[in-house]
Amino acid sequence: MSKNLVIPIGPQHPSLKEPACFTITLEGEKVIEADIGIGYNHRGIEKSCESRNYYQALYIIERVCGICSHSHSTCYLSGVEKLAGVEIPRRAAFIRTIFGELERLHSHLLWLGVAGHEIGFDTLFMYTWRDRELVLDILAMLCGNRVNYGINTLGGVRRDLEPQHIDDIRRMCAKIEERNNYYVNLALSDATLAARLSGVGMLSKEDALKYGAVGPVLRASGVKSDTRRNDPYLIYPEIPFDVITYDSCDVFGRVVVRVLEINESIKIIRYCLDNMPDGDIIAKMPRKIPAGEVVSRYEAPRGEDVHFIKANGTDIPERVKVRAPSEANWHSMAHMLKGDYLADTPIIIAAIDPCYSCTDRAITLNNAAGSKRTDWEAIRKHGIEFYRNKGVDVSRILLPEKINY
Amino acid sequence: MNPLKKLIKWAQRKSPWIIHFNAGACNGCDIEVVDALTPRFDLERFGVLQKGSPRHADVLVCTGAVTMQTADRLKNIYDQMAEPKFVVAVGTCACSGGVFGDCYCVKGGIDAVIPVSAYIPGCAARPEAIIDGVVKLLSTLEDKKLQPKNPIVINSEKELADMLDEAEAAEENTETENFEENKAKEDNENA
Amino acid sequence: MEFFQMLVFPGLIFLSVYSFALEYFDRIVYARLQNRQGPPWYQPIADFFKLLGKEVIVPASVSKLWFKLLPVFAYAANLAAFLYIPLTSANSLYPFSGDLIVVLYLLTIPTLCFFLAGYISEGVYSGLGAVRALTQLFAYEVPLFMALLAPAILADSWSFAGISAYYSAHPIMMLVNIPAFIIAIIAAQGKLERTPFDAPEAETEIVAGAFTEYSGKLLALFRFTVDAELVVVASLLAAVFLPFYASNFIISFILYLLKTVFIVFILAVFKGLMARLRIEQIVAFCWKWLIGIGLLQIVLNVIIKGAF
Amino acid sequence: MLDFHTLKNSIIERFPNLSDEYFREDGTRLWVKAVLPQEFITLFDFVVKELRFDNFHMTVGLDSGDYFEIIYLLSNAENQMLNLRQRTVSRDDTFAASVYPYFENALFHERELIDLFGIDVQGLPAGHRYPLPDKWPDDNYPLRKDWKTEFFDKKTLTYDHEAAAEAERLRLEEEARKKAAREAAIAAAKAKKAQQEKEAQANE
């Protein structure tokens, strides 16, 4: 392949769970140039929040991203409650923390499976997703839905944790912890896993800070920064947990950071279950939020999630801005892609655990310079398009028999 | 040869290969679609395999409200798939645009762009619902008269152009029927 | 009689039926490894006939003749190789002195067909898949030849008949070839492009490698070739490394089935436990490790042959 | 851990025209009032270089009536957050300075300002438009207050300006009428109360 080959990965590609288009310029098997094309998921969430009151906007904010819906709703609500000057009851704060950590559990297990799938290790994919089912059962038991659990509401939590729920959660935590130890020594001992992951997607400490990486990607480059410690919220100031860092600066480090964070989350859940106070779970919230601006930060499974809310005294928010964690990692990922092999591209893209629906952004791939499409589709599409704007769908037309082919 | 046709129809019911495309979803449904392939809900029991290339797949599983950006890519993938092909819309957003229906950048459900064979509602449609939808789609294959079209092989731009001109000529004399058909299509689109 | 043998028993019908059976066995073992339930027994047959019923899309800029003929060449090479491998008795359909070498060379033709299929369909992904198929061919070909020729050196003859005669004479010699058997298994995994070595059709990187543009009947034939290759390679390994046969037909046929199922079981477990290696890691691994052990094995065999 | 007081003084002493009422403290966050672009760049450079606020979180675009504002969220190693504001001169002259030279990952945020607000951010490298789809019609900026989604026809991708203006006029009339009605009600209530007091005094 003397000339540089331009490979479009996406918008539909088996390794991507969501639409994004990466134009990778190759020299042989080495990647020399990577251009990110994301934002196919831009649905105009911020505009629709401005035509909904605070309760209705909560439903949109929860569906920014399917995997970290609790992070977005908690971040949004802590902002609105701060504006309204309402202090949510302690029991509600405990329940929110437990749900945040349950979400981190199933998100990290999900990512471990996807990473395994990217490098062709489907057995790891199947095992981790089987264990993830345990966490989803608990979530379904607690709040009725496996994904987009609507436990949060303005001023606190919708449902309480009954005693028999609590020992189900403890049993699940024990089972997940035992499975997770298996994954910890699998990650550290398996030869092919190490062969495929170490030395791939290097992001040095300075680059991580320069490009503003967040979450496990930052912590895997040796930077000790976690929003639960930097800007504590809910119950985190009291909880004794430590921030996991690993200084191998590559995809292998991100696997280790995420796997060890699962253990931390289990420790946090156990602490919350042990000393959860009684009391009511929701506080009275005024319908009209007084005018003001607030910035709320939350540690989502993929990194730091920042919400900006501006209220103008009515019951409709004037401006809601969501900065999802994946959006901060795009630049560091484009930097990581250069210099590695094509075979590593999917795992590097997956390594920052991108959540395109979170990033809510749209960039298109300029086909002129880009991919080399087989001529057949071009002709076939041309034919269908040519006839579509004439109002007749050619694929439905029964071509007269006399055309012999 | 009737037995061969019957065998092929049986085979189509028994081994639907799916290809998954997210047309702007919150990826809650995508995770549930992929979840249906994992040990607890194993879709391989029904012979379902996830395939990478549109050429290999029969069932296009779409999730998410179609944003304007993904609309023509979704159309492109649908065109690339080999007949007989089906489309399954998973999740409320795919069926009708869902909670993002009124956003400025969203075209609505999957049927705004391509014909859909099966709708599976649910905000994050559960894997059980997805499996039920796929199995129901398979069982409808029997009664629908499904003859695989003989392949139209087009070799060059010129040949395609002539074929389309003939089709255009054929279209002239069927102008009147098409007029009603188009009007009917207009009505149910803005209904 | 000859015609019957060609067409039915060791020939076309048996090969097709047995390749469906082995593909089913392989998928069930793989699924059970991931504690999934796995497909029903008729799944390979259903996949094959469903693909027959699908529309064939032929890219316009491709020479139609070659695009359609390549799967046929690949399958024909497989079938030809299968005729030379002894199944139930010491000598196969047409035993002659160098049939081991002929089978080995016939087995490289399918890989060349995969390369040509990927190359002429000019898609970005299929082009890359084709190049990877060739680079992998150079990686596993030499160790596979070494591993298969080591027992031949010990048996001092290039034909299956000679090998089975020698090893049935002194069976303990089979234990000497254990390292060669291990290398042959790993190289076979590379030849069949299965998971540790499936860079040429890595689903998450280059969609479906050389077969990206194929659909309908042609894809069915290609998948059929891949299954047939599994049968041929398994019976080749069985014929070279476990060359013992019973006297009457029924028992030796069951013995043959057991041998091939055992080999395919190892390949399936192998596939379940490993992650996919990058293409240059595959080449490095094959050239450094497999050839090293292969050379040792050949030297060992020469010494033993000299001694006895 | 320099507290906000020293922080404020160091900024005011470097930029005399920023007086104390320009700042607002709120927990661990220090908000700064809006500043015109020319002045903003020197302030931004001072804050990033000298005060070591080198962690960039995001930019937020705001349509505040007669001009646009851009809020930059920065934080330093001690996790104190400083929110600077830059405002454009007016709704039509939408020039704004870019911070891309300081923070490369501000690229997406600032492209978004261009697309969704129509703020003309100078100093960004060439690249695709962002985040709107490529078929999006020009000078249609969705996040502006006067752009309503219901007047945007998704099929033909055109914005119906007359209907929007019409609806705007109706809304203003409606508001005026309601305000007038409310004042009338208050006046009536006051009159009634005054009259009741007179009666109370009368019958004492």
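Per chain, numbering begins at 1; letters A, B, ... match sequence-line order.
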Over all atoms of both residues, closest heavy-atom pair of [X] and [Y]:
| X | Y | result |
| --- | --- | --- |
| B:H56 | C:F211 | NE2-O, 2.8 Å |
| C:A46 | B:A11 | O-CB, 3.3 Å |
| C:F49 | B:I8 | O-CG1, 3.8 Å |

- line: Distance col, row C:Y30:OH vs B:E44:CD, nearest 0.5 angstrom, shows 9.5 Å
message: Less than 4.5 Å to any heavy atom of chain B: does that hold for the side chain of C:R32, its backbone, both, or neither?
response: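 Contact with chain B is absent: no heavy atom of C:R32 under 4.5 Å.
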field: C:Q37, part contacting chain B, at a heavy-atom distance under 4.5 Å
entry: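 Both parts, backbone and side chain.
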- prompt: Does any N or O in the side chain of C:S215 come within less than 3.5 Å of the main-chain N or O of B:R55, such that one atom is a donor and the other an acceptor?
  reply: no
Donor-acceptor contact present, side-chain B:D42 to main-chain C:G38, <3.5 Å: yes
- prompt: Does a side-chain heavy-atom distance below 4.5 Å link B:S15 with C:Q43?
  reply: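 They are in contact (side-chain heavy atoms under 4.5 Å apart), so the answer is yes.
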field: Among B:Q12, B:K14, B:K9, side-chain contact (heavy atoms from CB on, under 4.5 Å) partner for C:K50
entry: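 So, applying the side-chain contact (heavy atoms from CB on, under 4.5 Å) to C:K50 and each of B:Q12, B:K14, B:K9, only B:Q12 qualifies.
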- prompt: Contact part of B:L49 toward chain C, heavy-atom cut-off under 4.5 Å: side chain, backbone, both or neither?
  reply: side chain
message: So for B:W10, is it side chain, backbone, both, or neither that comes closer than 4.5 Å to the heavy atoms of chain C?
response: side chain
- request: Inspect the contact between C:E55 and B:K85 and indicate whether a charged nitrogen and a carboxylate oxygen are less than 4.0 angstrom apart.
  value: no
task: Determine, for B:E83 against C:K54, whether the closest basic-nitrogen to carboxylate-oxygen distance falls under 4.0 angstrom.
output: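 C:K54 and B:E83: not salt-bridged.
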- prompt: Sequence neighbours excluded, which residues qualify as side chain to side chain contact (heavy atoms under 4.5 Å, CB included) partners of B:P39?
  reply: A:M126, A:R130, C:N35, C:R36
query: What residues, two or more places apart in sequence or in another chain, satisfy ring-ring contact (aromatic ring centres under 6.0 Å, His included) together with C:F224?
result: C:F20, C:F48, C:Y75
